[in-house]
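Every chain is numbered from 1 and lettered A, B, ... according to where its sequence line falls, protein lines coming before strand lines.
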Protein chains: 2
Amino acid sequence: MPAAKHDVFQAIADPTRREVLKILSKEEMPISRITSYFPVSRTAIVKHLQILSDAKLVSARKQGREKIYALHAEPLNDVKEWLGYYEQFWHNKLAILKHLVEHEEDNK
Amino acid sequence: MPAAKHDVFQAIADPTRREVLKILSKEEMPISRITSYFPVSRTAIVKHLQILSDAKLVSARKQGREKIYALHAEPLNDVKEWLGYYEQFWHNKLAILKHLVEHEEDNK
DNA sequence: TAAACGTGAAACCAAAAGGTGTTATATACT
DNA sequence: AGTATATAACACCTTTTGGTTTCACGTTTA
């Protein structure tokens, strides 16, 4: 898994990683505790955390022998901005639909 | 590539597919013309289109020997809703930062 | 009708993704 | 000191991803 190759879009593509983000949104916690929420091995979770870390969606600090991960949601703003451009398209569809409904009214 | 296995998060994870969406947002067009925008083969683009189609992000209609694809942006609303939950976190950070700045003022 | 065009479909391939288990190392506890 | 704990670092495996080439088939068009 090459470093610094994962952007935020790829990071959130995996359901397990989205679940990790959700869990970390409640409270920060060490790796072993994050792992306890999932049916997969700690090693697998560590890899997901590395990908999330590449995308800057989580940050880690070492406390004694534990490594505590926390949510870092800011990069999600990139996704929001990307979505912004497309909102016009589904909003327009709604507007067109509304117009059609109103047109139906006219035909009564 | 198994059908109906791709959700919208996975569909938008790939840069080429995001580019396809952008191109289709300008105008609908047949496969061969979409392909002309990319340095990869038509077959590769067809596969991307199938994934986008699985995620309901594009729709296709056949016109003569051409298959015309169009953007269908509505499913992106799922992503927007998912993001909604996380907005509070990066907004809170900004609020905290603002508070710190104001606290600095107090110490002058 | 024959040639050109646009697409569909299959077979194949290298690399990445997602997962496993084992071993090593640093920190904490008794 | 000795043991248990939390993580790190490997080596390895299977499936998916993103790409290719080749060939067949229906639709236009010269």
Side-chain angles (χ1 to χ4, degrees), chain A residues 1-24 27-72 75, chain B residues 1-24 27-71:
Chain A
M1 236 160 258
K5 227 200 52 181
H6 301 99
D7 68 357
V8 64
F9 286 93
Q10 208 184 334
I12 66 172
D14 183 86
T16 300
R17 286 195 289 272
R18 288 200 299 277
E19 188 68 22
V20 168
L21 292 179
K22 195 184 217 174
I23 289 167
L24 290 180
E27 56 177 319
E28 56 178 35
M29 59 182 80
I31 297 174
S32 55
R33 187 144 154 250
I34 299 171
T35 301
S36 72
Y37 287 89
F38 297 90
V40 298
S41 68
R42 182 186 55 82
T43 312
I45 295 299
V46 167
K47 287 185 185 178
H48 283 305
L49 285 169
Q50 281 166 351
I51 290 169
L52 290 170
S53 192
D54 273 3
K56 308 269 191 282
L57 283 168
V58 298
S59 59
R61 69 172 200 281
K62 215 169 163 187
Q63 191 179 54
R65 64 185 163 181
E66 295 186 326
K67 192 169 182 181
I68 298 177
Y69 277 89
L71 177 68
H72 183 80
Chain B
M1 236 161 259
K5 227 200 54 182
H6 301 98
D7 68 356
V8 64
F9 286 94
Q10 206 183 335
I12 66 172
D14 183 86
T16 300
R17 285 194 290 270
R18 289 200 298 277
E19 188 69 22
V20 168
L21 293 178
K22 195 184 217 172
I23 290 167
L24 290 180
E27 55 177 320
E28 57 179 32
M29 59 181 81
I31 297 174
S32 54
R33 186 143 155 251
I34 298 172
T35 302
S36 73
Y37 288 90
F38 297 91
V40 298
S41 70
R42 178 186 55 85
T43 313
I45 296 299
V46 167
K47 288 186 184 178
H48 283 305
L49 286 169
Q50 281 167 350
I51 290 169
L52 290 171
S53 191
D54 273 1
K56 309 268 190 281
L57 282 168
V58 298
S59 58
R61 71 172 197 280
K62 215 169 162 187
Q63 191 179 54
R65 64 184 164 187
E66 295 188 327
K67 191 170 183 180
I68 299 178
Y69 277 88
L71 177 68

The side chain of Thr16(B) lies closest to which of these nucleotides: dA17(C), dA8(D), dG19(D)?
-> dG19(D)
In this structure, how many angstroms lie between the [atom2] atom of [N] and the [atom1] atom of [X], rounded?
| X | N | atom1 | atom2 | value |
| --- | --- | --- | --- | --- |
| Leu49(A) | dT7(D) | CG | P | 10 Å |
| Lys47(A) | dC10(D) | NZ | C1' | 10 Å |
| Lys67(A) | dA28(C) | NZ | P | 16 Å |
| Ile45(B) | dG19(D) | CD1 | C1' | 10 Å |
| His48(A) | dG18(C) | NE2 | P | 6 Å |
| Asp54(B) | dT16(D) | CG | P | 14 Å |

Looking only at atom types and distance, does a side-chain atom of Ser53(A) sit under 3.5 Å from a main-chain N or O of Gln50(A), one as donor and one as acceptor?
-> no
Between the main-chain N or O of Leu49(B) and the side-chain N or O of Arg17(B), is there a donor-acceptor pair closer than 3.5 Å?
-> no
Identify all side-chain donor-acceptor contacts of residues 58-66 of chain A below 3.5 Å with residues at least two apart in sequence or on another chain.
from     : atom 1 : to       : atom 2 : distance (Å)
Arg61(A) : NH1    : Glu28(A) : OE1    : 3.2
Arg61(A) : NH1    : Glu28(A) : OE2    : 2.8
Arg61(A) : NH2    : Glu28(A) : OE2    : 3.1

Distance (rounded to the nearest 0.5 Å) between [X] [atom1] and [Y] [atom2]:
| X | Y | atom1 | atom2 | value |
| --- | --- | --- | --- | --- |
| Leu24(A) | Tyr37(A) | CG | OH | 9.5 Å |
| Ile31(B) | Thr43(B) | CD1 | OG1 | 10.0 Å |
| Lys67(A) | Ile34(A) | NZ | CD1 | 10.5 Å |

Phosphate contact (dT16(D) OP1 or OP2) by His6(B) side-chain N/O below 4.0 Å | no
Is the shortest side-chain N/O distance from Gln10(B) to OP1 or OP2 of dT16(D) below 4.0 Å?
-> no
Verdict with supporting geometry, Leu52(B) and Ile12(B), side chain to side chain contact (heavy atoms under 4.5 Å, CB included) | CA-CA 8 Å; Leu52(B) 290 171; Ile12(B) 66 172; 5.8 Å; no
Taking DNA chain C as the partner, which of residues 28-40 of chain B come within under 4.0 angstrom of it by heavy atom?
-> Pro30(B), Ile31(B), Ser32(B)
Indicate for each nucleotide in nucleotides 21-30 of chain D, in 5' to 3' sequence, whether protein heavy atoms under 4.0 Å reach the base (B), only the sugar-phosphate (S), or nothing (-).
-> B----BBS--
Quick one: do Lys56(B) and Asp7(B) satisfy salt bridge (charged side-chain N to carboxylate O under 4.0 Å, His left out)? Show the steps, please.
-> CA-CA 9 Å; Lys56(B) 309 268 190 281; Asp7(B) 68 356; over 6 Å; no
With the threshold set at 4.0 Å, does a side-chain nitrogen-carboxylate oxygen contact exist between Asp14(B) and Lys47(B)?
-> no
